[in-house]
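Inspection log for the structure reproduced underneath, given as structure tokens.
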Amino acid sequence: MAKAITKLNKSVPDPVEEQRQAIEQLMEMTADSRNALMETLEILQRLQEYGVLEALRAMLNQGHRVSALAIQQVNKPGTYNMIKNVFAMVEIMSALDLSGLGAMTGGVTKGIENASESLKTNEQINVWGLMKILKDPDVNAALTAGVSFLKGIGEHLRMQASEQASEAH
């Protein structure tokens, strides 16, 4: 017959040995994650240089004041509309074709430059000059794009109106 177990050998870890194992484990993890740690330290250094960490620490130390201020700002009458508009803009931006948008923004930038130059020269145009300018291929391309833009807006507005009318009936 087997003898009854009357004593359990419970191993109590040595605190010094536990600490040594923890340090070894940290060293291994540091070596394995060297690139990620280096990049993280670079980011932290830049944040420190720009004063972002100091500002973040101050915000954390004044957490109750910052949260109260944030709540005050959110409760202002115009804030709700602003937040709603930001979400609408994000939705619009996500639906845009970026290649077309790049071409349009480049055109707008060039147009602003040209308009600024014409303001400096104080040029004026008469009806005959306007007719002549309409034959310019660049002006014609801009007018065609503008009219196409307006046509797209009109199509969308007309479709929305017809949808709303059909929902009302």
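- When all heavy atoms of Asp136 and Asp138 are compared, the pair lying nearest together is OD1-N, 2.8 Å.
- At least one side-chain heavy atom of Leu134 sits under 4.5 Å from a side-chain heavy atom of Leu143.
- Formation of a donor-acceptor pair under 3.5 Å by the Ser116 side chain with backbone atoms of Ile112 is not found in this model.
- In this structure, Gln160 and Leu157 have side chains that are in contact, with non-hydrogen atoms separated by less than 4.5 Å.
- Nearest approach of Ala115 to Ser118, heavy atoms of both residues: O-OG, 2.9 Å.
- In this structure, Ser33 contributes its side chain and Thr30 its backbone to no donor-acceptor pair below 3.5 Å.
- Criterion: ILVMFWY side-chain heavy atoms under 4.5 Å apart, direct or through other members. Under it, Phe149 and Val108 are not part of a common hydrophobic cluster.
- Looking at Glu113 and Thr109, their side chains come closer than 4.5 Å, going by heavy atoms from C-beta outward.
- One distance of note links CE of Met38 with CG of Asn35; it measures 8.5 Å at 0.5 Å rounding.
- For the atom pair Ile23 CD1 and Glu28 CD, the distance stands at 12.5 Å (nearest 0.5 Å).
- Summarising the local packing, CD of Glu18 is surrounded by more than 12 heavy atoms from other residues, nucleotides or ligands at distances under 6.0 Å.
- A salt bridge between Glu54 and Arg57 is absent, with no side-chain N of the basic residue lying under 4.0 Å from a carboxylate O of the acidic one.
- Between Arg158 and Glu155 no salt bridge is recorded (no basic side-chain N to carboxylate O distance below 4.0 Å).
- Side-chain contact between Met27 and Met29 is absent, with no heavy-atom pair separated by less than 4.5 Å.
- A distance of 9.5 Å separates CD of Glu117 from CG of Leu119, quoted to the nearest 0.5 Å.
- A salt bridge is absent between Glu42 and Arg46: the closest approach of a Lys/Arg side-chain nitrogen to an acidic carboxylate oxygen does not fall below 4.0 angstrom.
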Problem - Residue pair Asn75, Thr79: steps toward the side chain to side chain donor-acceptor pair (under 3.5 Å) verdict - result: CA-CA 7 Å; Asn75 285 334; Thr79 305; over 6 Å; no

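- Across all their heavy atoms, Gln48 and Leu53 have their closest contact at OE1-CD1, 3.5 Å.
- Linking Ile, Leu, Val, Met, Phe, Trp and Tyr residues whenever their side-chain heavy atoms come within less than 4.5 Å leaves Val147 and Ile153 in two separate clusters.
- With a 6.0 Å radius and a threshold of 12 heavy atoms from other residues, nucleotides or ligands, His64 has its NE2 atom above the threshold.
- Tracing side-chain contacts under 4.5 Å through hydrophobic residues (I, L, V, M, F, W, Y), one never reaches Leu37 starting from Leu26; they form parts of separate clusters.
- For Glu49, the CD atom is densely surrounded, since the number of other residues' heavy atoms within 6.0 Å is greater than 12.
- Hydrophobic clustering (ILVMFWY, side-chain heavy atoms < 4.5 Å, transitive): Val52 and Met59 are in distinct clusters.
- Note: the hydrophobic cluster containing Ile71 does not contain Leu69 (ILVMFWY, side chain heavy atoms under 4.5 Å, direct or indirect links).
- For the atom pair CG of Asn61 and CG of Leu56, the computed distance is 10.0 Å after rounding to the nearest 0.5 Å.
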